[in-house]
Amino acid sequence: MIEPRTLKGFRDHLPAQALARENILDIARRVYRSYGFAPIDTPALEYLEILTGKGSDETDKQLYRFKDHGGRDVGMRFDLTVPLARFCAQHIATLGTPFKRYQMASVWRGENTQRGRYREFMQCDFDTIGTTSPVADLETVLVAHDVLKAIGIEKFTVRVNDRRVLSGMLQELSLADRSTHVLRSLDKLGKATSEAVAAELSSHRVPDEAIAKLLSMAQLRGTPSVVLAALDTLVGSSEIGRVGVASLRRVLDGVQKAGVADGRVVVDPSIARGLDYYTGIVLESFLDELPGLGSICSGGRYDNLAGLYTKQSLPGVGASVGIDRLLAGLEELGRLHLTETPADVFLVFFSEEHLGDYLRVAAALRVAGMAVEFFPEAKRVGQQLKVAAKKGFPVALLIGSDEFAAGTAQLKSLATQASATINWHGDLHVLVDAIHSQLQAIRAKH
RNA sequence: GUGGUUGUAGCUCAGUUGGUUAGAGCACUAGAUUGUGAUUCUAGGGGUCGCGGGUUCGAGUCCCGUCAGCCACCCCA
């Protein structure tokens, strides 16, 4: 006997979880498409040199790599951005710019696991390639906002900042040479105390006076106009800093004009993002009720996506929904109603003699857009109903010999056990319409 | 990769200073009950105590290793 087991950091998804996951993916897909982003797909395996091109030690360590059967050095993608860069370098001539794509796919990293961190996980990226327009930045923020809103989250905040504001600050403070360390430290402000961050900055030879200024900047809060005005003065005479503030102002102005509710999108000068390839706007999104969960949708603007693979300059802006983290958060908040079935109607199988009738009824319901599970065995009715209730069907449809003779049917709500009689007199349209409207009524209550 | 912590049935757990054949509740299967999820009753399946070694007359219990989960660091999604 071989012990059935899964590798460390790899998971099975049971129906209840997989359904919740697909629901979120469907919503994200719908929102992405509503802005004109088109799907692409790329291979899970790439030539090793493509993936290691950027060559940081960290990604090198995490990379799943091996020789394929033809002796080629290959690796599994560890994000969707590097494959996108290769993809654009290869196809941009056909695609033209601006190119807007989304990709929802698994990636692999051989790093240590922790709650919510796995070796195989999904990324849901959307990016706009080939334009430096702030309108593309704005749209990125709007998409992040729309996805979270469409999922039905009531309390969330999209926090935006601009790397150029930070660069301007660092220039003013003569810290440009330590920018990576400084930004990484500031990025911890959400999790660590300001004292801890100050200590870490100090260890990177940042003078106390500069630390005080950085912290006061990072902790600026308030309406966008208030924060932006404060940033204007902090950035001082730095040209790049002023450009950053101006760009943020345009984005926030656009967010408001697009009709986003006040407070949903704010300026947060402490948002830096760990990755050093961001050059303009950066954004993170949080569930207000679970700030400790971390960002559930993050991204930003980068100057040169594909410099490793082509001479053509390809600027871009994009973001990614952290689907696993988001699901964990929704579950913790009890916002995930878990069912084990995607179907609406459970059709009870009473007796073989009516098999043809059941198949006809089920087919009619499916044509009308309802999902029907027909129980495959004429087992005891009680057992069938038990299965249906356990799997989370909203209703069961019961039509036995008595009902067929009388031209009726019972539609039973599995949540309340209440049963309603439908008089359909053998007319499938009447039956289908009645079930359809009852389902609508049940859904409206949720 | 480093450090800490946990591991007994599908789930939650009990199991005495090491002592006979490892238990409970829930869940599951079948029946009482050939047309309605509950309750009740009866019967049943399911464990190499994460895995491997060691100490011992004897290990679920002690020791070592290993695998997996969780937490922190690192980094990030």
Where at least one partner belongs to residues 425-444 of chain A, residue pairs that pass ring-ring contact (aromatic ring centres under 6.0 Å, His included), sequence neighbours excluded | none
Enumerate, in order of first residue number, the stems that involve RNA chain B, defined as 3 or more consecutive Watson-Crick or G-U wobble pairs with both distances under 3.5 Å.
-> B:1-7 with B:67-73, B:10-13 with B:23-26, B:28-32 with B:40-44, B:50-54 with B:62-66
Kindly say if A:K379 contacts the phosphate of B:U33, meaning a side-chain N or O under 4.0 Å from OP1 or OP2.
-> no
Would you call the rings of A:F10 and A:Y64 parallel, tilted or perpendicular if under 30° counts as parallel and over 60° as perpendicular?
-> perpendicular
Has A:E340 got more than 12 heavy atoms of other residues, nucleotides or ligands less than 6.0 Å from its CD?
-> yes
Could you go through nucleotides 48-52 of chain B and list every protein N or O atom that sits under 3.5 Å from one of its N or O atoms, giving the distance for each pair?
none

Any chance you could list the contact pattern along nucleotides 36-43 of chain B? Use B for base contacts, S for sugar-phosphate-only contacts and - for none, protein heavy atoms under 4.0 Å, 5' to 3'.
-> BBS-----
Within the pair A:K8 and B:C67, is there a side-chain N or O less than 4.0 Å away from OP1 or OP2?
-> no
List the atom pairs, donor and acceptor, that lie under 3.5 Å between side-chain atoms in residues 384-397 of chain A and the rest of the protein, sequence neighbours left out.
unit_1: A:Q384; atom_1: OE1; unit_2: A:F349; atom_2: N; d: 2.9
unit_1: A:Q384; atom_1: NE2; unit_2: A:F349; atom_2: O; d: 2.8
unit_1: A:Q384; atom_1: NE2; unit_2: A:K379; atom_2: O; d: 2.8

Atom pairs under 3.5 Å, N or O on each side, protein against nucleotides 70-72 of chain B: can you list them with distances?
unit_1: B:C71; atom_1: OP1; unit_2: A:R115; atom_2: NE; d: 3.0
unit_1: B:C71; atom_1: OP2; unit_2: A:R115; atom_2: N; d: 2.5
unit_1: B:A72; atom_1: OP2; unit_2: A:Q114; atom_2: OE1; d: 3.1

Give a yes/no on whether any side-chain N or O of A:R109 is located under 4.0 angstrom from OP1 or OP2 of B:C75.
-> no
Audit row: A:F99, A:R101, side-chain contact (heavy atoms from CB on, under 4.5 Å) steps and yes/no | CA-CA 7 Å; A:F99 170 54; A:R101 72 89 232 213; 3.5 Å; yes
Check the pair A:L439, A:M370 against side-chain contact (heavy atoms from CB on, under 4.5 Å), reporting the backbone distance first and the verdict last.
-> CA-CA 9 Å; A:L439 274 173; A:M370 284 171 276; 3.6 Å; yes
